[in-house]
There are 2 protein chains.
Amino acid sequence: MAQTSEPGASVTARVLRVLEAFRVERQRMTLSEIAYWAGLPLSTAHRLVGELVKWGALERDGDERYHVGLRLWEIAALSPRSAGLREVALPYLEDLYEATHENVQLAVLDGIEAVYVERLCGRGAVNAISRVGGRLPLHATGVGLVLLAYSDHEFQEQVLAAPLRRFGPKTITSPRHLRRVLAVVRQERVAVSDRQIEMETLSVAAPVFGPSDRVVAALSIVISARCSPSAYIPAVRTAARSVSRALCG
Amino acid sequence: MAQTSEPGASVTARVLRVLEAFRVERQRMTLSEIAYWAGLPLSTAHRLVGELVKWGALERDGDERYHVGLRLWEIAALSPRSAGLREVALPYLEDLYEATHENVQLAVLDGIEAVYVERLCGRGAVNAISRVGGRLPLHATGVGLVLLAYSDHEFQEQVLAAPLRRFGPKTITSPRHLRRVLAVVRQERVAVSDRQIEMETLSVAAPVFGPSDRVVAALSIVISARCSPSAYIPAVRTAARSVSRALCG
DNA sequence: CTCCACTCTTCCATTGAATGGAAGGAGGAC
DNA sequence: GTCCTCCTTCCATTCAATGGAAGAGTGGAG
């Protein structure tokens, strides 16, 4: 073994960094690109990528580029917090989608962000910026507000103590304002996020409770900002309750 | 480093074996179980699992059991052949679901099996045995017949040369019979798989073509065996064509 | 309380798997 | 042909990985 480029870095960590190099803006990459983004020497990357391809975690296409492979996705489809949750929730999401034909989404809390685990949208609805597998900040989205409002007090204080990123003129950036919003969310059991990220859309979100009576997800609808959110609140609440019931078996 | 339990086995391969230990029937496991299924000594498993948890590929719950983590799923959501395909196809799958309220599925070919990448089903439809992220043999499912019929000749011969597993009295197990079915699929551009796995269901499937005019997926509907497949053929074909069009930009 | 069973966690001397610069190969453009 | 870019291969060296064994922790039974 020659000198390592990075003393202390384990193989496992390096492999995970290879996977982590893939982003929505970098879905297909050459070996050199992977090595660059993973911070690994080319030879090392070549070896690790080779093994990942052999197993199916990465796949290689005709242009000698690599993309995430089906095999990894198969394993990941066992994740209870994403694919598992989605499976239980899907009928109710579909019902809501069918009733409204708007963007219907389901998200969970991870770290200090909301991770979107499902999104049903047809071709007519406004184009919400969320993406299945993507993340958005808690304070600026309907689902995020719900997840935050129902998280433990310490966590809320932590989020409130950090800077609240601004996306546009309507983004909540004051902790004081966010506190008030969170209190309303808890009272109303619904969150409305009005044009916080995009001026054309607003979202209505409600909490999904799990078996221990803790909020495990948030369900939302994204509609045009020209619509009235109150028209959607009962449907969103209903769908979220149905998912909650299904989760508590 | 002490003597390895398995000379020649790389760390990467071992890590991947840890991930591979997770199955639909083993979604939550103790460390000992993971070690057992991955064929690793307890200490080794403990170390590798620890790193995977740190990164988020595995998560640990209150009962000291591990499950697949959200972070792995996030990366996997970048897989063009599953999540990516699903994203493009979803509006059309939804349309078909809404029109029929039956089980709607999308599958791709991997190895010698069909892998289900999407499945929309409500609470009323028959309970198809497929699972998102799951696999089924090509000869016994609608999507599988389509994927097989449109695969290259060599591959077809390979599948036809191997034993065709029987699921029930109606399963196609004769290569001769399968050959005839495949020819009909190619002619009709639709496959009907009638009670091949379960006596209560049949599926109607059509090919989804990609940019190079090759079949990249199969779209199907699963209905009660008491229904007439011909009533669904036009809708399934239409939906598959729409997805094909969307994939070819 | 003690004892037992089970599972997990920690340790560390040893070694075997990993390393990455350098050379060579492949393909494309001029 | 040369030049450039990216990938692939090689191997002496080293450092990260190893796993049995001991210890720790937990829960249940008596």
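Letters A, B, ... mirror the listed sequences (proteins, then strands); counts begin at 1. It should be emphasised that the depicted structure is a prediction, and the values quoted were computed from it without experimental measurement.
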**Asked** Would you say D:dG19 has OP1 or OP2 under 4.0 Å from some side-chain N or O of B:Thr44?
**Response** yes
**Message:** OP1 or OP2 of C:dG20 versus the side-chain N and O atoms of A:Ser5: is any pair under 4.0 Å?
**Reply:** yes
Every protein N/O within reach of nucleotides 6-10 of chain C N/O, cut-off under 3.5 Å:
residue : atom : partner : partner atom : Å
C:dC8   : OP1  : B:Leu31 : N            : 2.9
C:dC8   : OP2  : B:Ser32 : N            : 2.9
C:dC8   : OP2  : B:Ser32 : OG           : 2.2
C:dT9   : OP1  : B:Arg60 : NH1          : 3.3
C:dT9   : OP1  : B:Arg60 : NH2          : 3.4
C:dT9   : OP2  : B:His46 : NE2          : 2.9
C:dT10  : O4   : B:Ser43 : OG           : 3.3

**Complete:** Residue pair A:Thr4/B:Pro41 against DNA chain D: nearer the 5' end by closest nucleotide is A:Thr4
**Asked** Relative to the 5' end of DNA chain D, which residue comes earlier, B:Gln3 or A:Ala9, by the nucleotide with the nearest heavy atom?
**Response** A:Ala9
**Prompt:** Would you say A:Phe155 has more than 12 foreign heavy atoms packed within less than 6.0 Å of its CZ?
**Reply:** yes
**Prompt:** When you measure from the side chain of B:Arg17 to the backbone N and O of B:Gly39, does any donor-acceptor pair fall under 3.5 Å?
**Reply:** yes
**Message:** Between B:Tyr150 and B:Phe209, is the ring centroid distance below 6.0 Å?
**Reply:** yes
Integer-rounded Å distance: [N] [atom2] and [X] [atom1]:
X	N	atom1	atom2	value
A:Ile34	C:dG20	CD1	P	16 Å
B:Glu51	D:dA16	CD	P	12 Å
B:Leu40	C:dA17	CG	P	14 Å
A:Arg47	C:dG16	CZ	C1'	13 Å

**Message:** I want to verify a distance call: between C:dA17, D:dT18, C:dT19, whose nearest atom is closest to the A:Arg14 side chain?
**Reply:** C:dT19
**Prompt:** To the nearest 0.5 Å, how far apart are NE2 in A:His46 and CG in A:Leu40?
**Reply:** 13.5 Å
**Message:** Taking the basic N atoms (NZ, or NE/NH1/NH2) and the acidic carboxylate oxygens, is any pair closer than 4.0 Å for B:Glu20 and B:Arg14?
**Reply:** no
**Prompt:** Is the shortest side-chain N to carboxylate O distance from A:Glu64 to A:Arg60 below 4.0 Å?
**Reply:** yes
